[in-house]
Asks: 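My questions all concern the structure below.
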Amino acid sequence: MSVRVRFAPSPTGYLHMGGARTALFNWLFARHHDGEFLVRIEDTDLERSEETYTAAIFEAHEWLGMEPDEEPVYQHERMDLYRQKAEELLESGDAYKDYSTKEEVEEARKEGFARGDKTSHTRLWRDRDDEPEDRDFVVRIKAPLEGSLTIQDEVQGEVTVEAEELDDFVILRSDGTPTYNFCVVVDDFDMDITHVIRGKDHLNNTFRQKYVYDALDLEPPAFGHLPLISGLSKRKGSKSVQAYRDDGYLAEAIINYLARLGWSHGDQEIFSRDELIEYFELSSVSRGSSDFDHDKLDWVNTEWMKRLEPEELAGRWTYHLSEAGFDVDVDDRLVGIVEAMRERADTLTEMVDKSRYFFVDDLDRDAEAVDEWLTADIEALMERIIEELEALDDWNTDAIETVYRDLCDEFDVGLGAVAQPTRVALTGGTVSPSLFVTVALMGRETALERMREALAIIVSRD
RNA sequence: GGCCCGUUAGUCUAGUGGUUAGGACCCCGGCCUCUCACGCCGGUAACACGGGUUCGAAUCCCGUACGGGCUACCA
């Protein structure tokens with residue numbers, strides 16, 4: 001049978017980095033094995049589930065390039081199936097109705113713990129068969145009282161738990177809706193899932209689910225529990241995938257970084273999508289949890305900015321430029337700016353910030369920079385530069401460089417003497433790509449206009 | 001509290017009984033140089049601790065500590 005995996009988020013929030021990584025590992029596993037990757041929306045908790053989150057989860061998948069191979073499955077549409085399965089369990093005696101009130105359960109639990117019992121003593125109605133009509137009931141699984149369970153986890157290895165540690169958990173709430181540990185089993189089987197790859201926070205649940213498989217007389221799939229990403233706070237990674245996109249991270253970088261968090265392939269750091277698919281193995285997933293490191297993500301992002309075709313990168317950049325109020329099309333100039341700026345920024349948004357002087361109509365110059373570089377002693381030189389630049393037939397980097405080099409010779413000064421004044425003139429500051437590239441990309445009209453402005457400032461300071 | 005899982009530098013990791021413990025991010029030097037970057041060269045920094053097993057343990061076993069997860073009519 002071919003490999004079928006699923007990612008099963010509950011739509012109670014946006015897709016964050018932890019969820020995205022779980023989805024990614026499932027997706028990679030499926031692609032690696034030529035199998036199918038499915039998505040199941042776990043929305044049995046009607047109170048907390050929202051459609052906007054469902055939409056956001058799909059949008060995140062699309063952006064990351066991990067779209068499901070089949071139509072998503074929604075648990076809220078399958079309530080009848082769960083009730084039917086629960087009914088089967090009731091009939092076979094593997095589950096029973098519990099008419100206790102929450103208070104009674106709580107009380108029994110407290111007493112049990114006080115006695116030092118291992119399970120939480122929710123077995124009040126396990127051996128009763130009366131059915132009081134004036135009370136609601138939940139349906140509980142009739143878990144084995146003794147013995148032990150062992151699972152062979154594809155990532156964690158062999159894990160064993162004693163039966164006395166597990167209680168009779170609820171599979172159907174008093175309002176008739178099914179609980180997680182129950183529908184997961186029903187759905188995974190119904191969807192022909194062969195490998196359940198999920199966060200390690202579900203490792204213990206696996207044993208409860210094993211009981212359901214046994215009770216339903218179903219063959220369980222293989223399991224692989226991924227180490228959790230620790231230290232995910234609002235500023236460290238629990239931000240939504242879309243927030244990262246808007247902050248200027250490339251999908252390639254997110255995928256690459258996430259893949260390397262808890263998984264490795266020798267010493268390789270940068271992976272293309274195809275390489276990830278080719279190399280991904282559950283056996284090389286680490287078992288310990290890991291910390292999200294924004295510095296490393298930034299580095300990976302820059303690496304990918306340098307690897308994409310400049311035209312492609314420029315295309316993606318226009319979104320962020322537009323967000324900043326600069327509506328531009330992809331043309332030779334924009335591609336040139338991208339080529340000059342991409343190795344100087346960690347993200348696309350940072351690249352916008354550092355490139356503003358290429359797009360603004362009115363340039364603000366840094367007062368200190370003006371003070372230091374637009375000084376009287378370079379007045380004559382600036383005049384000559386403007387003259388020569390005006391006379392240029394072809395406005396290109398080489399020609400501009402020649403103008404500067406020749407003039408430096410003529411005035412017997414180093415390039416440093418004119419580079420910074422020119423930068424202040426054109427960019428308002430002292431930092432930019434190569435001088436000649438910057439002048440060229442600025443465009444003849446804007447460059448000359450700003451040079452004249454700078455000259456005026458110099459003259460006014462005499 | 002009980003149970004489960006984990007633990008190589010600040011961080012991500014390689015390592016599967018014998019290595020000067022490797023790579024990457026970060027940080028610090030230097031080179032390149034018109035600024036900033038990129039790039040290149042170099043540097044600081046790790047096997048949690050204690051017992052075993054073994055001729056020999058980062059690697060195997062036990063314990064301790066620390067970290068995480070589960071212990072819901074959440075998923």
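Quick note on labels: first sequence line is chain A, next is B, and so on, each numbered from 1.
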Asks: Do A:D187 and A:Y82 pair up side chain to side chain, a donor and an acceptor below 3.5 Å, judged on atom types alone?
Replies: yes
Asks: For A:R365 and A:I457, run side-chain contact (heavy atoms from CB on, under 4.5 Å): C-alpha distance rounded to whole Å, both residues' side-chain angles, the deciding distance at 0.1 Å, then the answer.
Replies: CA-CA 11 Å; A:R365 292 191 180 78; A:I457 293 173; 4.2 Å; yes
Asks: Any salt bridge linking A:D214 with A:K210? Criterion: basic side-chain nitrogen under 4.0 Å from a carboxylate oxygen.
Replies: yes
Asks: Could one point to a donor on the side chain of A:S174 or the base of B:C73 with an acceptor on the other under 3.5 Å away?
Replies: yes
Asks: With a non-hydrogen cut-off below 4.0 angstrom, is A:Y404 in contact with a base, only sugar-phosphate, or nothing?
Replies: nothing
Asks: Name the closest nucleotide to the A:K296 side chain, picking from B:U11, B:C25, B:U13.
Replies: B:C25
Asks: Is there a donor in the side chain of A:T375 and an acceptor in the side chain of A:D377, or the other way round, less than 3.5 Å apart?
Replies: yes
Asks: I'd like the P distance from B:G6 over to B:A75, given in whole Å.
Replies: 28 Å
Asks: Round to the nearest Å and state the distance from A:R198 atom CZ to B:C4 atom P.
Replies: 19 Å
Asks: Salt bridge or not for A:R83 and A:E87, using N-O below 4.0 Å?
Replies: no
Asks: Can you work out whether A:R405 or A:L297 has the more 5'-proximal nearest nucleotide on RNA chain B?
Replies: A:L297
Asks: Please tell me if the side chains of A:P433 and A:M341 come closer than 4.5 Å, counting only heavy atoms from C-beta onward.
Replies: yes
Asks: Just call it for A:E42: base, sugar-phosphate, or nothing, with non-hydrogen atoms closer than 4.0 Å on any strand.
Replies: sugar-phosphate
Asks: Parallel, tilted or perpendicular: which describes the rings of A:F359 and A:W317, with under 30° parallel and over 60° perpendicular?
Replies: perpendicular
Asks: Would A:H16 and A:Y14 count as a close aromatic pair, with their ring centres under 6.0 Å?
Replies: no
Asks: Taking B:A48 as the reference, what is the distance to B:C66 when you measure between their P atoms (whole Å, please)?
Replies: 16 Å
Asks: Just to be sure I understand the rule, does A:V138 reach a base, reach only the sugar-phosphate, or reach nothing, if contact means heavy atoms closer than 4.0 Å?
Replies: base
Asks: Calculate the interatomic distance between A:H294 atom NE2 and B:G10 atom C1'; express it in whole Å.
Replies: 17 Å
Asks: Quick one: A:L426 CG to B:C34 P, roughly how many Å, whole number?
Replies: 18 Å
Asks: Hunt down the Watson-Crick or G-U wobble partner of B:G18, both distances under 3.5 Å, from any strand shown, or write none.
Replies: B:C55
Asks: For a quick check of understanding: with a heavy-atom distance under 4.0 Å over all strands, which category does A:T422 fall into, base, sugar-phosphate or nothing?
Replies: nothing
Asks: Write down the distance separating the P atoms in B:C38 and B:C28, rounded off to the nearest Å.
Replies: 13 Å
Asks: The side chain of A:V161 lies closest to which of these nucleotides: B:A75, B:U13, B:C4?
Replies: B:C4
Asks: C1' atom, B:A65 versus B:U44: distance in rounded Å?
Replies: 28 Å
Asks: What's the closest nucleotide to the A:D267 side chain, out of B:U13, B:A24, B:G22?
Replies: B:G22
Asks: Using a heavy-atom cut-off of 4.0 Å across all strands, would you classify A:T44 as base, sugar-phosphate, or nothing?
Replies: sugar-phosphate
Asks: Might you list the N or O atoms of the protein lying below 3.5 Å from N or O atoms in nucleotides 64-70 of chain B, with each pair's distance?
Replies:
| residue | atom | partner | partner atom | Å |
| --- | --- | --- | --- | --- |
| B:G69 | O2' | A:D201 | O | 3.4 |
| B:G69 | N2 | A:N204 | ND2 | 3.0 |
| B:C70 | O2' | A:R208 | NH2 | 2.8 |

Asks: Rounding to the closest angstrom, what is the interatomic distance between B:C47 and B:A58 at atom C1'?
Replies: 4 Å
Asks: Ring centroid separation for A:F25 and A:F7, is it under 6.0 angstrom?
Replies: no
Asks: Which letter, B, S or -, goes with each nucleotide of nucleotides 35-45 of chain B from 5' to 3', with contact meaning a protein heavy atom under 4.0 Å?
Replies: BBBSS------
Asks: Go through the N and O atoms of the side chain of A:E269 and the base of B:G23, and report whether any donor-acceptor pair is under 3.5 Å.
Replies: yes
Asks: Tell me the interatomic distance from A:W263, atom CH2, to B:A14, atom C1', rounded to whole angstroms.
Replies: 13 Å
Asks: Nearest-Å distance, CZ (A:F271) to C1' (B:A24)?
Replies: 11 Å
Asks: Under a 3.5 Å distance rule, please check whether A:N26 uses its side chain to pair with a backbone N or O of A:I197 as donor and acceptor.
Replies: yes
Asks: Check the distance between B:C73's P and A:K97's NZ and give it to me in whole angstrom.
Replies: 19 Å
Asks: Verify whether one side chain among A:Y249 and A:D298 offers a donor that lies under 3.5 Å from an acceptor in the other.
Replies: yes
Asks: Roughly, in whole Å, what's the span from CG in A:L261 to P in B:A14?
Replies: 12 Å
Asks: How far, in whole Å, is B:C60 from B:G15 if one measures between their P atoms?
Replies: 13 Å
Asks: Name the nucleic acid region contacted by A:G157, choosing base, sugar-phosphate or nothing; use a 4.0 angstrom heavy-atom cut-off, strictly under.
Replies: nothing
Asks: May I ask you to decide if the ring planes of A:Y279 and A:H265 are parallel, tilted or perpendicular, using 30° and 60° as cut-offs?
Replies: parallel
Asks: Please confirm whether the shortest side-chain N or O distance from A:S286 to OP1 or OP2 of B:C12 is below 4.0 Å.
Replies: no
Asks: Quick one: A:E164 CD to B:U71 P, roughly how many Å, whole number?
Replies: 18 Å
Asks: Name the closest nucleotide to the A:A419 side chain, picking from B:C73, B:C34, B:A24.
Replies: B:C34
Asks: Could you work out the separation of B:C25 and B:G42 based on their P atoms and round it to a whole Å?
Replies: 14 Å
Asks: Could you check whether A:R342 gets within reach of a base, just the sugar-phosphate, or nothing at all, counting any heavy atom under 4.0 Å?
Replies: nothing
